[in-house]
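All values below were derived from every heavy atom in this structure, side-chain atoms included, with hydrogens, water molecules and symmetry-related copies excluded. Order of listing sets the numbers, starting from 1, for every ligand and every atom in it. Treat the numbers as computed from the prediction; the structure is a model and nothing was measured.
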Amino acid sequence: MDSDDRLDRLRNRSAPLDMSPGEFRRVGHQVVDRIAELLESLPDRPVTPAETPNTIREVLNASRGLPEHGTEVGPLLEATTKLLFDHSLFNGHPRFLGYITSAPAPIGMLGDLLAAAVNPNVGAWPIAPMATEIEAQTVRWIADLIGYPKGSGGLLVSGGNLANIVCFLAARSSRATWDLQGSGLDGNPGGRLRVYASTEVHTWINKAMDISGLGTDSLRWIPVDEDSRIDLAALRDQIDRDLSDGDQPFLVVGTASTVSTGAIDPLSEIAALCREQHLWFHVDGAYGALAAAVPEVAELLEGMPEADSLAVDPHKWLYAPLEAGCALVRNPEALRRTFAHSPPYYHFGEVATNYFEYGLQNSRGFRALKVWLALQHVGRSGYVQMIRDDIHLARALYDLLADYPEIEPLTQNLSITTFRYVPRDLLDHSETESVRSYLDKLNQSLLARIESSGEVYLSNAVIQERFALRICVVNFRTSLSDIEALPEIVMRLGRSVDGELRSTEELSLPHSSPTRL
Ligand SMILES: *Cc1c(COP(=O)(O)O)cnc(C)c1O
């Protein structure tokens, strides 16, 4: 009897996780309504509720055990939207100007929903025919947008770190003269493989050096000039010295542009050096590469199309919701050489791309859809306009700061501007040692105060050993009025933090005895 019941139930199976189309429609509309309300209310919300980890855990009821039984989906989604909307930091807020994290494009939100609905596994063409071709088209369009050569190839990955690492591994296997896949670094008949990057390179390089087996000691950190660009003479000298020591230089990383100040390495000159020395030229353009779409700044990125490989982040200046990075290589075969383990004859019959042979992942999600949709939603002209506006807003802040003697503008590149707060009575003493360290402490506390205020969100940079506040505009919702509000916020909170610090700290500052400083 029991087993008859079971067979019956299996024949008319109703799985607890499934939803009827009617229910899906009802709760789906409800979620979309909530998201629309969020978008509408963003400007009136704090950028962040700035709650403590304990508060968040309490609200979540973090210690609650795994539920034994299910719950009704409508109320569950309702409670979840409330949980997230009331206790999150919103990088889609017009006043989110911290880090290089973009506001998410609404079309991208819908794209992710649609991608999950079809759920193609974009590891292999036969199981993701349309999705694979959409990804290939997306990669071609990104290359086209930034002037990377036709005939290049690549794939979408989780972000800038992975895009850079994929390119790095492609460089390593392309430059190895022995069977690297088979014998690893032990098979290297020559000297130590050497990599070159400036001291401003992003931290992905440490991970790449480590997981590639080269080790971080094989990286040559090249100093930068006062504008944070790699020192070409020092680079050339180091390569010459390593060659004469019997090492094998094989890769130079140029950054376009740096995370901290947006500085762009002299790419054309590095490209020429790499050509002359037969080195692989990789550009980390996770943030800045997309600025090449804007005609009047493209010049700054001259030389970038000459790179053997290039990392770009659609989840930065293409405003894709997280995650989406893109690894581009001049010769797509470099990726197969690195990541494919099928015998070459397999490849001869290949009429379509199986992405599992081009990168680290096997099963792969449909990241491309949100990017592909956004590229069509606004087209090249839409992106040029948004990226240009972001750059103009960051420049506008820099110019505006001239009217505020207590705010010292420090750097301006692309859409990154750095500055710091200097109380009026310290203006003439900012190079004095005790004042320098006080200003670092003051600006550090000020940043924490600004962030927890929820009024605006900034991040920081270190500029010539000074602690600086930093904005990075990769946010199509930010307007000039948001930028214009910033100096007043910095002044108001700056004065208050300064007052508090001076009342609690024993500091010999010029307001008590200026001549001692
Ligand atoms: C953002 C960034 C990275 C890291 O990218 P993720 O997407 O955060 O992994 C690397 N390099 C540069 C220059 C960047 O701006």
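Remark: ligand 1 and Asn161 share an N or O pair separated by less than 3.5 Å (distance only, no angle test). In terms of N/O distances under 3.5 Å, ligand 1 is approached by Gly160.
Contacts between His315 and ligand 1, counted as non-hydrogen atom pairs separated by less than 4.0 Å, involve the side chain only. Contacts with ligand 1 closer than 4.0 Å are made by backbone heavy atoms (N, CA, C, O) of Ser257 only, the side chain lying farther away. Contact annotation for Asp313 and ligand 1: only side-chain heavy atoms (C-beta onward) come within less than 4.0 Å of the ligand.
A salt bridge does not link Arg229 to Glu269: none of the charged nitrogens lies less than 4.0 Å from a carboxylate oxygen. Between Arg192 and Asp247 there is no salt bridge, since no side-chain N of the basic residue sits under 4.0 Å from a carboxylate O of the acidic one. Asp144 has a carboxylate O that lies under 4.0 Å from a charged side-chain N of Arg380, or vice versa, which qualifies the two as a salt bridge.
The aromatic rings of Trp204 and Phe168 lie perpendicular to each other, with more than 60° between the two planes, well past the 30° mark. The aromatic rings of Trp141 and Trp372 lie parallel to each other, with less than 30° between the two planes, well short of the 60° mark.
Heavy-atom contacts of Ile100 reach the following atoms of ligand 1: 15 (O) (cutoff under 4.0 Å).
Annotation: atom 3 (C) of ligand 1 to nearest protein heavy atom, Lys316 NZ, 3.3 Å.
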